[in-house]
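Working notes for the structure below.
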Amino acid sequence: MLEADLAAAFARVALANVQREYPRRLDQLLTSPDAEWRPRALHPAFFGSYDWHSAVHMHWLLARVLRLHPSLEPSIVPVMDEHLSAQCIARELASFGSPGNAAFERPYGWAWLLALQAELRGLGRWHRWHEALEPLARELARRLRRYLRDLPYPVRAGTHGNSAFACILALDYGMREEVEAAARRWYLADRDYPVAYEPSGDDFLSPALVEAVLMQRILGARDFPGWLEAFLPDPGPLARPPRVVDHADAKQSHLDGLCLSRAWCFRLLGFEALARVHLEAGLPQVIGGDYAGEHWLATFATLALSAEAPKSP
């Protein structure tokens, strides 16, 4: 459970990050010497948190903690009003139409934007935010549907390109038909996952566990247990938190996030003891650590601590 004190601490981290313009990693393709590149000009809603997708999912964090702890309204609402205005979102949408940017933030950032929109829809009286975000959500949902339909093989990496994780977030938005078709095509016949190959030194997701969570959502209580037994009969090394030597290294800090994303997956899959072990390993790096981790880790801690039982098909 995400207790009030921790939710407030996560909100403070997120608020600081979404308003912090630099340092910033640039991902857009520049096609001419006079092309606009300044983060705030291109992305007036999601200019903070080091990169676009982190800014998006830190806004998701703010929406989630506001839903769970409405007492945080005074600190969160003014920032959300400023960033999630119709004018800001119109500029964000225009940036996706720039030449060469068809694949910008695909699929991770797209999926987090859809998850943000799903969370905003549940906020009731703050409907102005999801109404403003809807044109961008609709465009990215269109792109993601086409991407899922046309991708012949899933991306099984433990990083941003992972197909299963994007599909989980898209399910929260409501993309059931397209996600189910892709998931069954990609994963239904999977057996005997090679757990000894995890983790990679760059992972912040477990390819095995996010695939399992997705198939839990797709197959439901009747068919999922048999699929899981064939796919992952023993978690093996997945049960042990990864070792992190340098938390300030941008890639190694992914392993701190891996602890938290595994905790989220284990909780959804019903392995509560394993979820606790991974939470204990990852939580110390969420607040007060190096910016390499602090600009994004609180999102995955919030996922784990506010995990809800999956919806049956």
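Residue numbers run from 1 in the order of the sequence given.
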CA sep, side-chain torsions, deciding dist, call: F224, F231, side-chain contact (heavy atoms from CB on, under 4.5 Å):
CA-CA 10 Å; F224 176 68; F231 173 67; over 6 Å; no
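- In terms of heavy-atom proximity, A170 sits nearest to V179 at CB-CG2, 3.9 Å.
- Using a cutoff of 4.0 Å between basic side-chain nitrogens and carboxylate oxygens, E119 and R121 are not scored as salt-bridged.
- Ion pairing of E294 with R20 is absent here, as no side-chain N (NZ or NE/NH1/NH2) approaches a carboxylate O to less than 4.0 Å.
- The two residues L205 and F300 make their nearest non-hydrogen contact at CD2-CE2, 4.1 Å.
- The two residues R143 and G97 come nearest to each other via the heavy atoms NH2-N, 4.3 Å.
- Distance alone, capped at 3.5 Å, places no donor-acceptor pair between the E21 side chain and the P23 backbone.
- Taken to the nearest 0.5 Å, the CG atom of L148 stands 5.0 Å off from the CE atom of M175.
- Environment of CZ in R25: crowded, with over 12 heavy atoms of neighbouring residues, nucleotides or ligands closer than 6.0 Å.
- A salt bridge does not link E131 to R128: none of the charged nitrogens lies less than 4.0 Å from a carboxylate oxygen.
- Side-chain contact between W129 and L123 is present, with at least one heavy-atom pair separated by less than 4.5 Å.
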Let me see the working for L305 and F10 under side-chain contact (heavy atoms from CB on, under 4.5 Å), right down to the final yes or no.
CA-CA 11 Å; L305 290 167; F10 288 174; 4.0 Å; yes
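- To the nearest 0.5 Å, atoms CG (L297) and OG (S253) are separated by 6.5 Å.
- In this pair, H83 and F47 present their aromatic rings perpendicular. The plane angle is above 60°, beyond the 30 to 60° band.
- Between the side chains of D34 and S32, a donor-acceptor pair is found at a separation under 3.5 Å.
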Could you pull out every donor-acceptor pair under 3.5 Å between side chains of residues 263-274 and any protein atom, sequence neighbours left out?
from	atom 1	to	atom 2	distance (Å)
R267	NE	E272	OE1	3.3
R267	NE	E272	OE2	3.3
R267	NH1	A304	O	2.9
R267	NH2	E272	OE2	2.6

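- Listed for the E73 side chain is no donor-acceptor partner under 3.5 Å among the backbone atoms of L66.
- Here the shortest heavy-atom pairing between A14 and L62 reads CB-CD2, 3.8 Å.
- Salt-bridge check for R262 with D203: failed, with every basic side-chain N at 4.0 Å or more from each acidic carboxylate O.
- Checked for salt-bridge contact, R276 and E280 miss the test: no charged N lies under 4.0 Å from a carboxylate O.
- Between R40 and E82, at least one side-chain nitrogen of the basic residue sits less than 4.0 Å from a carboxylate oxygen of the acidic one, meeting the salt-bridge criterion.
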Go through the steps for R185 and E180 under the test salt bridge (Lys or Arg N to Asp or Glu O under 4.0 Å), then give the verdict.
CA-CA 8 Å; R185 185 172 79 248; E180 180 166 357; over 6 Å; no
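- If you chain together hydrophobic residues whose side chains sit under 4.5 Å apart, V79 and L136 fall into the same group.
- Rounding to the nearest 0.5 angstrom, the gap separating the OG atom in S54 from the CZ atom in F46 is 12.0 Å.
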Residue pair L238, S206: steps toward the side-chain contact (heavy atoms from CB on, under 4.5 Å) verdict
CA-CA 8 Å; L238 302 185; S206 163; 4.3 Å; yes
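- Proximity of M215 to L188: side-chain heavy atoms (C-beta onward) are separated by under 4.5 Å at one or more points.
- No more than 12 heavy atoms of other residues, nucleotides or ligands lie within 6.0 Å of CZ in R243, so this atom counts as exposed by the packing criterion.
- Annotation: the span from H57 atom NE2 to S49 atom OG amounts to 8.0 Å, rounded to 0.5 Å.
- In summary, of the residues considered (L260, T302, V13, T299), a side chain to side chain contact (heavy atoms under 4.5 Å, CB included) with V286 occurs for L260 alone.
- Nearest approach of A132 to P135, heavy atoms of both residues: O-CD, 3.2 Å.
- At least one donor-acceptor pair under 3.5 Å links the side chain of Q19 to the backbone N or O of L15.
- The two residues Y147 and P107 come nearest to each other via the heavy atoms CE2-CB, 3.9 Å.
- Residue-environment remark: OH (Y153) stays at or below the threshold of 12 foreign heavy atoms within 6.0 Å.
- Atom CG of D150 is surrounded by more than 12 heavy atoms from other residues, nucleotides or ligands within 6.0 Å.
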Derivation of the ring-ring contact (aromatic ring centres under 6.0 Å, His included) call for H43 and F104:
CA-CA 13 Å; H43 304 294; F104 175 68; 5.6 Å; yes
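- Residues R217 and D172 are paired through a salt bridge, judged by an N-O separation under 4.0 Å between the basic side chain and the carboxylate.
- Expressed to the nearest 0.5 Å, how far CD1 of I76 lies from OG of S71 amounts to 8.5 Å.
- Side-chain polar atoms of H247 and D256 form a donor-acceptor pair below 3.5 angstrom.
- E211 and Y193 share no donor-acceptor pair across their side chains, judged by distance under 3.5 Å alone.
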Before giving the answer on side chain to side chain donor-acceptor pair (under 3.5 Å), spell out for R156 and S163 the whole-Å C-alpha distance, their side-chain angles and the decisive distance to 0.1 Å.
CA-CA 7 Å; R156 299 179 184 270; S163 301; over 6 Å; no
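- Relative orientation of the Y50 and Y291 rings is perpendicular, given thresholds of 30° and 60° on the angle between their planes.
- Note that the OG atom of S98 and the CD atom of Q28 stand 8.5 Å from one another [nearest 0.5 Å].
- Hydrophobic clustering of Ile, Leu, Val, Met, Phe, Trp and Tyr side chains at less than 4.5 Å, counting indirect connections, keeps V18 apart from L26.
- With a 4.5 Å cut-off on side-chain heavy atoms, L113 and L116 count as touching.
- With contacts defined as side-chain heavy-atom distances shorter than 4.5 Å, the pair R184/L219 qualifies.
- Only one option out of F96, W110, Y108, W296 pairs with W52 in a ring-ring contact (aromatic ring centres under 6.0 Å, His included); it is F96.
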Might you work through the ring-ring contact (aromatic ring centres under 6.0 Å, His included) test for F204 and H160, ending with a clear yes or no?
CA-CA 9 Å; F204 64 89; H160 305 87; 4.9 Å; yes
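- Within the 4.5 Å cutoff, the side chain of L114 has no heavy atoms near those of the L169 side chain.
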